[in-house]
Amino acid sequence: MSKEDHSSASDEQLVGAAKRGDMNAFEELVARHRDKIYARAFSMMRNEFEALDLSQEAWVKSWQRLKQFQGDSRFATWITRIVINLCQDQLRWSKRHRTESIEEMNQGAGGAELEMPVVAGNPTERLERAELRQVIDRALGLLSHEHRTVLVLHEFEEMEYKEIGRTVGCSIGTVMSRLFYARRKMAALLANLKAEQLI
């Protein structure tokens, strides 16, 4: 398969070629989905360095386990499940070994600001948007990783309940329950954080 063939091939075709040992086909899969997998990791970890490490680890694991991929779901769903599982493992490990303060979480989340493009316009409006992002980051950081995961996948990644259930390994009912709780908790946290800013 030539480089041109790789770029026009479907994910399924690339997976098939990669299973036969075509590393260029796998590199094309990485190029297609790298940014989204990093974004998934960052949305869960709120730390760009951890997100980078875990997304890299997900690609290594996906290459090692590629022969186990049966094509029951889309490749993008499969690799997403791998990175989410890695993030959840890391979050559980962190919870057992240390308790992060809100300030530390804010420092980790602050890296997102470096990625934001500079947009000309009303400086006050820009400041308000930056403050809102900071408040949302803080609130997300205060949710449990289970609730944060379903909220991010549904609201930001626009996944359906069934796909979220497959990705995180739980029933649709559990997804709906976690999402309901996460939205209610997020609304309360945002209200409290906004109130703190006004004091």
Less than 4.5 Å apart, any side-chain heavy atom of Gln90 and any of Leu86? no
From CZ (Arg148) to CD (Gln88), nearest 0.5 Å: 10.0 Å
Once side chain to side chain contact (heavy atoms under 4.5 Å, CB included) is applied, do any residues pair with Ala76, and if so which ones, sequence neighbours excluded? His33, Arg74
With side chains defined as the heavy atoms from C-beta onward, is the minimum distance between Arg81 and Ser73 less than 4.5 Å? yes
Got Leu189 and Leu143 here, is their nearest side-chain heavy-atom distance under 4.5 Å? yes
Side-chain contact test, heavy atoms from C-beta onward, threshold under 4.5 Å: evaluate it for Glu163 versus Thr77 and give yes or no. yes
Let me see the working for Leu66 and Trp78 under side chain to side chain contact (heavy atoms under 4.5 Å, CB included), right down to the final yes or no. CA-CA 10 Å; Leu66 198 59; Trp78 183 70; 4.0 Å; yes
Considering all heavy atoms of both residues, which atom of Cys87 and which atom of Ala41 are nearest to each other, and what is their separation? SG-CA, 3.8 Å
Same hydrophobic cluster for Tyr161 and Leu153, using side-chain heavy-atom links shorter than 4.5 Å among ILVMFWY? yes
Do Ser62 and Phe69 have side chains that approach each other closer than 4.5 Å (heavy atoms only, starting at C-beta)? no
As an exercise, state the distance from OG1 of Thr167 to CZ of Arg40, rounded to the nearest 0.5 Å. 7.5 Å
Just so I know, are the side chains of Gln56 and Val60 near enough to count as touching, which here means a heavy-atom distance under 4.5 Å? no
Sequence-distant partners of Ser177, side chain to side chain donor-acceptor pair (under 3.5 Å), two or more places apart: none
In one Ile/Leu/Val/Met/Phe/Trp/Tyr side-chain cluster, 4.5 Å: Tyr181, Leu179: no
Salt bridge (Lys or Arg N to Asp or Glu O under 4.0 Å): pairs with one or both residues in residues 167-193, sequence neighbours excluded: Glu155-Arg183
Ala51 and Tyr38 have their tightest heavy-atom pair at CB-CE1, 3.6 Å
Taking it one step at a time, do Ile79 and Trp59 satisfy side chain to side chain contact (heavy atoms under 4.5 Å, CB included)? CA-CA 8 Å; Ile79 180 68; Trp59 286 113; 4.0 Å; yes
CD1 on Ile37 to OG1 on Thr80, rounded to 0.5 Å: 3.5 Å
Close side-chain approach of Glu57 and Ile82, heavy atoms under 4.5 Å: no
With a 4.5 Å cut-off on side-chain heavy atoms, are His147 and Met186 touching? no
Nearest 0.5 Å, please: how far is OG in Ser10 from CZ in Phe75? 12.0 Å
May I have the step-by-step check of side chain to side chain contact (heavy atoms under 4.5 Å, CB included) for His154 and Met159, ending in yes or no? CA-CA 5 Å; His154 189 266; Met159 280 191 183; 5.9 Å; no
Flag if over 12 foreign heavy atoms under 6.0 Å of NZ, Lys162: no
For Val152 and Met44: C-alpha separation, side-chain torsions, deciding distance, then whether side chain to side chain contact (heavy atoms under 4.5 Å, CB included) applies. CA-CA 8 Å; Val152 165; Met44 290 186 67; 5.6 Å; no
Is it true that Phe180 and Met176 fall in one hydrophobic cluster, defined by side-chain heavy atoms closer than 4.5 Å? no
Mind checking whether Phe49 and Leu140 sit in one hydrophobic cluster, side chains of I, L, V, M, F, W, Y counted as touching below 4.5 Å? no
Is there a donor in the side chain of Thr174 and an acceptor in the side chain of Ser171, or the other way round, less than 3.5 Å apart? yes
In Å, rounded to the nearest 0.5 Å, how long is the span from CG of Leu29 to CD of Glu27? 10.5 Å
Nearest-0.5 Å distance that lies between atom CG in Leu54 and atom CZ in Phe42: 12.5 Å
Would you sort out whether Glu28 and Ser7 count as a side chain to side chain donor-acceptor pair (under 3.5 Å), showing the intermediate values? CA-CA 7 Å; Glu28 176 64 27; Ser7 59; 5.8 Å; no
